[in-house]
Amino acid sequence: GEKAPYYNRIPIRNGKQARRRIPPAVHRMIQDQGMTALNDFISAHEPLLRLGCFAGMLIAMAAAEALWPRRPDMGRAQRWPRNAALVVVDTLAVRAVAWALPAFLPVAAAVLAADRGWGLFPFLGLDGWAAFGLALILFDLAIYGQHVAVHHIPVLWRLHRVHHSDMAIDTTTGVRFHPLEILLSIVIKVALVLALGAPAAAVVVFEVALNATSLFNHANLRLPLGVDAALRRVLVTPDMHRVHHSVHRDETDSNFGFNLSVWDRLFGTYRAQPRDGHDAMVIGVGDFRDPARLRLADLLVQPFRTPKA
């Protein structure tokens, strides 16, 4: 049968409100138009959205770190250029592969899936805002699962430890990844997009949000304890994620979430605080603590190096 009528409150002349009945078919049409408008906006402005959100968040977090630092400055002058250089290498690697394989990027995969009707969502008849919202949640769960995997599969940990070998943690750590790990992450996202038949708008929104939250939760930012406690009920905060960058391996293997904190609580990987406290804790990987061996060239070959016993 037909769904219950949808009601929309509208103002009338005497200042009170009346109810206007909107037929379900019209309601669905309005929702579809909203989704179409979002898709069109993202398609027209995708590069600007990505760059603007990334640059804006990076500048905001760098400024916040300078105003309200959680820990003393630990070699920004040496670390920031190296982390920035790694971002340049990552970007060039992705662009080169995308040039050779145009469908390699998740957004291109989403467009292909939509054209062919591939994926779980089309099979189940999910589209519009339902598919958009569910895709965002499943993407975040997949990132959590991928993060757990790169910590526990030795060959993948070799790639991921480049991220963890930063001897301090701040907003630039959030973009410090080996190019091979970036490419692996894209392959996983493409496979997930094709399997779900996720809408392209959800892919872009999630990737923009993932970059922004990575810059936020890696920030060397002191939040008031009450604010941190409230935020981490939903989101991963800097204090929560900093535990994950501890030199102690049991702490490194905790707090895997990037966006939502629920996954760590749900799967038993949540750790509230570091055992040594935020001020005294040591950041990094025990086998890679020589600053002279953490230059760009060293980071690129680090996955192929075996620490000396």
Distance only, no hydrogens: is a donor on one side chain within 3.5 Å (strictly under) of an acceptor on the other, for [X] and [Y]?
| X | Y | result |
| --- | --- | --- |
| S246 | R275 | no |
| H245 | D166 | no |
| D264 | N255 | no |

Aromatic ring pairing H147/H160, orientation class (parallel under 30°, perpendicular over 60°, tilted between):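 Ring orientation, 0 to 90° scale: perpendicular.
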Ring geometry between H218 and H163 (parallel below 30°, tilted from 30 to 60°, perpendicular above 60°):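 Plane angle over 60°, so perpendicular.
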Could you pull out the closest heavy-atom pair between [X] and [Y], with the gap in Å?
| X | Y | result |
| --- | --- | --- |
| F304 | R158 | C-NH1, 4.0 Å |
| T173 | A168 | OG1-O, 3.5 Å |
| V243 | D239 | CG2-O, 3.6 Å |
| P291 | M167 | CG-SD, 4.2 Å |
| S214 | G174 | OG-O, 2.8 Å |
| P69 | R222 | O-NE, 3.6 Å |

Can you give each donor-acceptor pair under 3.5 Å made by side-chain atoms of residues 196-204, sequence neighbours left out, with the distance rounded to 0.1 Å?
none

Calculate, to the nearest 0.5 Å, the distance between atoms [atom1] and [atom2] belonging to [X] and [Y] respectively.
| X | Y | atom1 | atom2 | value |
| --- | --- | --- | --- | --- |
| E46 | L51 | CD | CG | 12.0 Å |
| L266 | S261 | CG | OG | 11.0 Å |
| L210 | L215 | CG | CG | 9.5 Å |
| N83 | L296 | CG | CG | 10.0 Å |
| L221 | D228 | CG | CG | 9.5 Å |
| Q146 | F139 | CD | CZ | 12.5 Å |

Hydrophobic cluster membership, [X] vs [Y], 4.5 Å side-chain cutoff:
| X | Y | answer |
| --- | --- | --- |
| F54 | M61 | yes |
| V247 | V162 | no |
| W68 | L223 | yes |
| V190 | I143 | yes |
| I59 | F216 | no |

With a 6.0 Å cut-off on ring centres, are [X] and [Y] close enough?
| X | Y | result |
| --- | --- | --- |
| F267 | F256 | no |
| F258 | H241 | yes |
| H244 | H151 | yes |

Any side-chain heavy-atom pair of I42 and L38 under 4.5 Å: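 Heavy-atom side-chain distance check passes, below 4.5 Å.
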Beyond-backbone contact of F121 with D127, side-chain heavy atoms, under 4.5 angstrom: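 When only atoms from C-beta onward are counted, D127 and F121 do not touch, as no gap falls below 4.5 Å.
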Atom [atom1] of [X] with >12 non-hydrogen neighbours under 6.0 angstrom:
| X | atom1 | answer |
| --- | --- | --- |
| R293 | CZ | no |
| R95 | CZ | no |
| R289 | CZ | yes |
| L225 | CG | no |
| F123 | CZ | no |

Salt bridge present between [X] and [Y] (N-O < 4.0 angstrom):
| X | Y | value |
| --- | --- | --- |
| R76 | E65 | yes |
| R271 | D250 | yes |
| R79 | D170 | yes |
| D279 | R70 | yes |

Over-ring placement of R176 relative to W80, 6.0 Å and 45° cut-offs: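 The answer is no, since R176 fails at least one limit relative to W80.
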Partner of L180 by side chain to side chain contact (heavy atoms under 4.5 Å, CB included), out of L156, D90, L159: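 Only match with L180 under side chain to side chain contact (heavy atoms under 4.5 Å, CB included): L159.
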Criterion side chain to side chain donor-acceptor pair (under 3.5 Å) on H278 and R71, from CA distance to verdict: CA-CA 8 Å; H278 286 281; R71 291 159 56 91; over 6 Å; no
Residue pairs fulfilling ring pair (Phe, Tyr, Trp, His ring centres under 6.0 Å) with at least one residue in residues 89-110, sequence neighbours excluded: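 Every candidate ring pair (Phe, Tyr, Trp, His ring centres under 6.0 Å) pair involving residues 89-110 fails, so no pair, neighbours aside, qualifies.
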